[in-house]
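Since the structure comes first, as structure tokens, the remarks are kept for the end.
Note that the structure is predicted; figures quoted are calculated from it, not measured. In what follows, every heavy atom counts, from backbone to side chain, and hydrogens, waters and symmetry copies are set aside. Nothing fancy with the numbering, it's 1 onward along the sequence.
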Amino acid sequence: MPRHPVARAGVALIAFRVAGLFHRYIVQPDAALGRRLALFLPAVAVHAGVLTAIVALSLLASAAAPRPARRAIAACACALFAVLMIAGQADLTVSSITGAPLTPTVFRTFRGVRVVASAEFLEPLRANWRITAFGALAFALVVAWMTRAIVARDGAAPPAPRAAAVLLAGGLLTAWLATLAPWAIPPPPIEAAFVQEWLGADRTALDRPERDAIAHLRSLVGLPPGAEWADDDYPLAYVPAPDRIAPRALPDIVVVMIESLRAEDLGFITGRGGTATPHLDALAAHAAVFTSYLSNAFPSAPSVLSFHASAWPHRRKEITTDFSTRRFDSLPERLRDLGYDTRYVGADPHFDNQDRWLRRWYGGVSDLVASGASATDRTIVARAIDEVRRHDAAAASQPLFAFVSTYSTHYPFRLPADAGEPEAPESAGLAARYERVLRYTDEQVGGLLAMLARRARADRTIVIVVGDHAFYTNLRKTSGLPENDNEWTAAIVSRRADGEGTPQRIAEPASHVDMLPTILAMVGDDRPTAAVGADLFGPPRTSGRTALAIRPGGVRFDRGGYSAFVDARTPNGEEIRPSFSGERIPRSGDASLPTAAQLMEWVDTWSYLIEHDRIWNPALLHRSTRAARR
């Protein structure tokens with residue numbers, strides 16, 4: 001059997017995968033060799049075991065087939081192995097770039113195979129062309145070798161069924177034993193991920209009794225002063241203190257979420273000159289600016305959900321796609337219940353299934369791509385201005401909540417044709433292209449701000465500007481971790497649309513999940529909520545303000561100027577860094593930060609609650625605060 005072409009091709013498949021795992025877990029991570037080996041060895045065992053089982057099944061099929069069909073089966077098996085080589089390496093490559101392995105979730109969310117044909121995937125490969133070219137050459141040589149083996153005459157000899165069965169059992173046993181390692185191990189191979197989902201075996205399991213796990217998660221989240229937990233069936237829902245006073249007239253609220261807004265390139269954050277955002281700078285000069293503001297997620301879909309529902313992402317799946325029937329406490333739904341006219345304007349929310357939620361949340365949704373309009377920030381802002389004017393003409397006395405989602409600063413940072421000027425040349429690099437398109441977007445947002453300042457309700461309009469997340473301008477440093485390059489964005493909260501106000505610079509950690517409770521406090525909504533964030537202008541929920549970002553590639557927790565990172569490639573330990581310098585420091589640098597085990601337990605418990613639909617029940621919204629306290 002070792003000379004059978006299927007067996008020989010199977011050995012090549014496993015060797016190719018092990019080489020990819022070596023690069024992913026030994027070469028790429030910047031961690032101690034012992035930690036890298038603790039991940040590499042079980043990863044090799046799981047991948048090799050799963051692939052061995054696939055090879056054994058192909059051998060059994062060949063053994064059971066009549067002699068004339070064996071060569072065809074061998075050819076099909078080798079073609080399958082070639083596909084698995086590509087799929088396995090694409091899985092490892094995508095997870096190193098985006099943090100998300102190629103699971104069924106990714107294909108469902110991003111329109112199937114387009115995820116590996118997107119610029120986000122292809123451009124980093126081009127930036128690392130040497131290793132890419134080496135991998136492509138190795139793949140071509142292996143495929144050529146497998147083809148030659150099929151043509152060889154020894155391919156007609158049938159494999160021994162008993163030996164193939166033993167190989168199948170051995171492969172499955174090896175893969176299973178590796179999962180019993182007493183430490184965190186990497187995600188399963190792409191083949192196993194698809195099978196696990198098909199069997200319904202990919203749910204999050206808790207390592208301790210549910211009651212204890214929930215108690216620990218509650219200790220992370222904490223409670224606002226005077227608040228009480230509302231319902232054990234929905235463990236994070238709480239009833240605020242009954243001392244909020246609603247404003248005499250509910251304010252208008254306009255949110256502008258800017259695509260890929262990098263805090264490192266904003267003068268009002270860094271204090272550096274040569275700013276590309278004069279209009280945002282002018283707004284920030286008379287507003288509250290949060291200089292340590294993180295997105296809780298990456299890319300846009302989970303970021304938008306975190307802002308609207310004060311909910312962290314699931315550890316492995318996309319909530320917008322995989323849990324679209326789950327219930328979350330959402331800002332626009334609450335405001336609609338208070339009498340607000342709620343409107344959304346954006347470029348292409350159906351691309352990543354955001355529209356499933358937006359149409360549920362908002363009274364009116366303007367999807368430019370669906371309506372045939374060009375997806376540029378000039379067009380988006382013009383549509384937003386039209387929507388505000390329509391509101392003012394039809395219901396000027398009704399409070400307005402408008403959410404405007406820009407698009408033009410999306411990677412690869414191409415300046416739209418309606419900018420009326422040439423874009424930066426390719427040779428200028430991503431940073432220069434980003435600066436040029438950021439200046440364009442700032443000009444468009446400036447037009448919206450000017451229009452809002454001229455409205456009769458300008459002095460009763462709250463303007464909030466945030467980024468959905470950041471993005472890399474150096475594709476050689478892409479990472480699946482929630483690092484500053486992809487998570488550090490900015491937030492401006494102006495109490496007046498005309499720009500008048502007391503400037504504040506707030507350096508404590510903040511993130512998207514804090515916006516829902518902040519806005520609820522602004523409008524005096526003291527009904528129960530399931531927000532995991534805290535009012536940015538009120539007291540913190542725990543001993544200090546925190547921010548938690550979750551990506552399939554890793555987790556980040558910020559508190560007191562430090563960040564604890566847990567890399568999915570090396571989940572058996574954490575790295576401590578000053579939040580915005582990147583310098584690694586010993587664990588003793590800040591003892592108040594959680595360990596890797598604590599962080600992953602919290603994230604697993606949160607994901608478990610999502611899977612069991614235990615985040616929010618809309619019936620809680622209508623529960624009387626006083627009745628809940630009796």
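Judged purely by atom type and a 3.5 angstrom limit, Arg460 has no side-chain atom pairing as donor or acceptor with the backbone of Pro251. Between the side chain of Asp329 and the backbone N or O of Ala309, no donor-acceptor pair lies under 3.5 Å. At distances below 3.5 Å, not a single donor-acceptor pair connects side-chain atoms of Trp616 with backbone N or O atoms of Ala531. Using modelled atom types, one side-chain atom of Asp322 and one backbone atom of Glu318 make a donor-acceptor pair closer than 3.5 Å. Judged by distance alone, with hydrogens and angles left aside, the side-chain atoms of Tyr293 form a donor-acceptor pair with the main-chain N or O of His512 at under 3.5 Å. At distances below 3.5 Å, at least one donor-acceptor pair connects side-chain atoms of Glu423 with backbone N or O atoms of Leu415. Side-chain atoms of Asp468 do not come within 3.5 Å of backbone N or O of Ser303 as any donor-acceptor pair. When atom types are taken as modelled, the side chain of Arg541 and the backbone of Gly533 share a donor-acceptor pair closer than 3.5 angstrom. Checked by atom type and distance alone, the side chain of Thr518 pairs as donor or acceptor with a backbone atom of Leu536 at under 3.5 Å. With hydrogens and angles ignored, the 3.5 Å screen pairs no side-chain donor or acceptor of Arg556 with any backbone N or O of Phe565.
For Arg327 and Tyr234, the positive end is not near the middle of the six-membered ring at less than 6.0 Å and at most 45° from its axis.
Checked by atom type, the side-chain pair Asn486/His469 shows no donor-acceptor distance below 3.5 Å. Inspection of the Glu611 and His314 side chains reveals an N or O donor paired with an N or O acceptor under 3.5 Å.
Of all heavy-atom pairs between Pro416 and Val437, the closest is CD-CG2, 4.3 Å. Listed here is the closest heavy atom pair of Arg614 and Pro235: O-CD, 3.4 Å. Across all non-hydrogen atoms, the minimal contact from Leu358 to Pro349 is CD1-CB, 3.6 Å. Nearest heavy-atom pair across Gly222 and Thr542 is CA-CG2, 3.7 Å. Closest non-hydrogen pair, Ala491 versus Val466, comes out as CB-CG1, 3.8 Å. Taking every heavy atom of both residues into account, Asn484 and Ala470 meet most closely at O-CB, 3.9 Å.
Side-chain atoms of Ile214 and Leu609, non-hydrogen and from C-beta on, do get closer than 4.5 Å to each other. Taking 4.5 Å as the limit, some side-chain heavy atom of Val255 sits within range of a side-chain heavy atom of Phe401. Using a 4.5 Å heavy-atom threshold, the side chains of Val493 and Met515 count as touching. At least one side-chain heavy atom of Pro517 sits under 4.5 Å from a side-chain heavy atom of Ser310. Residues Asp377 and Tyr407 are in side-chain contact: their nearest non-hydrogen atoms beyond the backbone lie under 4.5 Å apart. Considering only heavy atoms from C-beta on, Leu520 stays 4.5 Å or farther from Asp526 through its side chain. Residues Ile253 and Val523 meet the side-chain proximity criterion, which asks for heavy atoms closer than 4.5 Å. Side chains of Arg315 and Val603 form a contact here, defined as non-hydrogen atoms less than 4.5 Å apart.
Expressed to the nearest 0.5 Å, how far CD1 of Ile319 lies from CH2 of Trp357 amounts to 7.0 Å. Going from atom CZ of Arg414 over to atom OG1 of Thr409 covers 14.5 Å, rounded to the nearest 0.5 Å. To the nearest 0.5 Å, atoms CD (Glu435) and CZ (Arg262) are separated by 11.5 Å. Rounding to the nearest 0.5 Å places CH2 of Trp488 at 11.0 Å from CG of Asp558. Atom CZ of Phe557 sits about 4.5 Å away from atom OG1 of Thr546, to the nearest 0.5 Å. Here the CG atom belonging to Leu266 is positioned 8.0 Å from the CG atom belonging to Asp281, to the nearest 0.5 angstrom.
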| said: As a quick check of understanding, evaluate side chain to side chain contact (heavy atoms under 4.5 Å, CB included) for His216 and Thr605, giving each step before the final call. | reply: CA-CA 9 Å; His216 283 197; Thr605 305; over 6 Å; no
| query | Could you go step by step and tell me if Met522 and Arg495 meet the side chain to side chain contact (heavy atoms under 4.5 Å, CB included) rule? | reply | CA-CA 10 Å; Met522 290 176 174; Arg495 297 297 183 117; 3.9 Å; yes
| query | Please walk me through it: do Ser408 and Thr441 pass side chain to side chain donor-acceptor pair (under 3.5 Å)? | reply | CA-CA 7 Å; Ser408 295; Thr441 293; 4.9 Å; no
| task | Apply the test ring pair (Phe, Tyr, Trp, His ring centres under 6.0 Å) to residues Tyr411 and Phe471: give CA-CA distance (whole Å), side-chain angles for both, the deciding distance (0.1 Å), then the verdict. | result | CA-CA 8 Å; Tyr411 178 83; Phe471 203 87; 5.0 Å; yes
| query | Could you walk me through whether Asp355 and Val365 pass the side chain to side chain contact (heavy atoms under 4.5 Å, CB included) check? | reply | CA-CA 9 Å; Asp355 62 321; Val365 173; over 6 Å; no
| message | Between Arg343 and Asp252, does the salt bridge (Lys or Arg N to Asp or Glu O under 4.0 Å) criterion hold? Intermediate values first, please. | response | CA-CA 12 Å; Arg343 304 192 180 207; Asp252 289 354; over 6 Å; no
| message | Let's go through Leu548 and Leu599 carefully: what are the C-alpha distance in whole Å and the side-chain angles of both, what is the deciding distance for side chain to side chain contact (heavy atoms under 4.5 Å, CB included) to 0.1 Å, and is it a yes or a no? | response | CA-CA 9 Å; Leu548 175 65; Leu599 263 177; 4.0 Å; yes
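Screening Thr473, Thr489, Asp485, Ile269 against Glu264 for a side-chain contact (heavy atoms from CB on, under 4.5 Å) leaves a single residue, Asp485.
More than 12 heavy-atom neighbours from other residues, nucleotides or ligands sit within 6.0 angstrom of OH on Tyr434.
Here Tyr472 and Phe413 keep their ring centres 6.0 angstrom or further from each other.
The aromatic rings of Trp229 and Tyr238 stand perpendicular to each other, their planes meeting at an angle above 60°, with 30° marking the opposite boundary. Under the 30°/60° scheme for interplanar angles, the aromatic rings of His308 and Phe403 are found to be tilted.
For the pair Arg390 and Glu387, the salt-bridge criterion is met [side-chain N within less than 4.0 Å of a carboxylate O].
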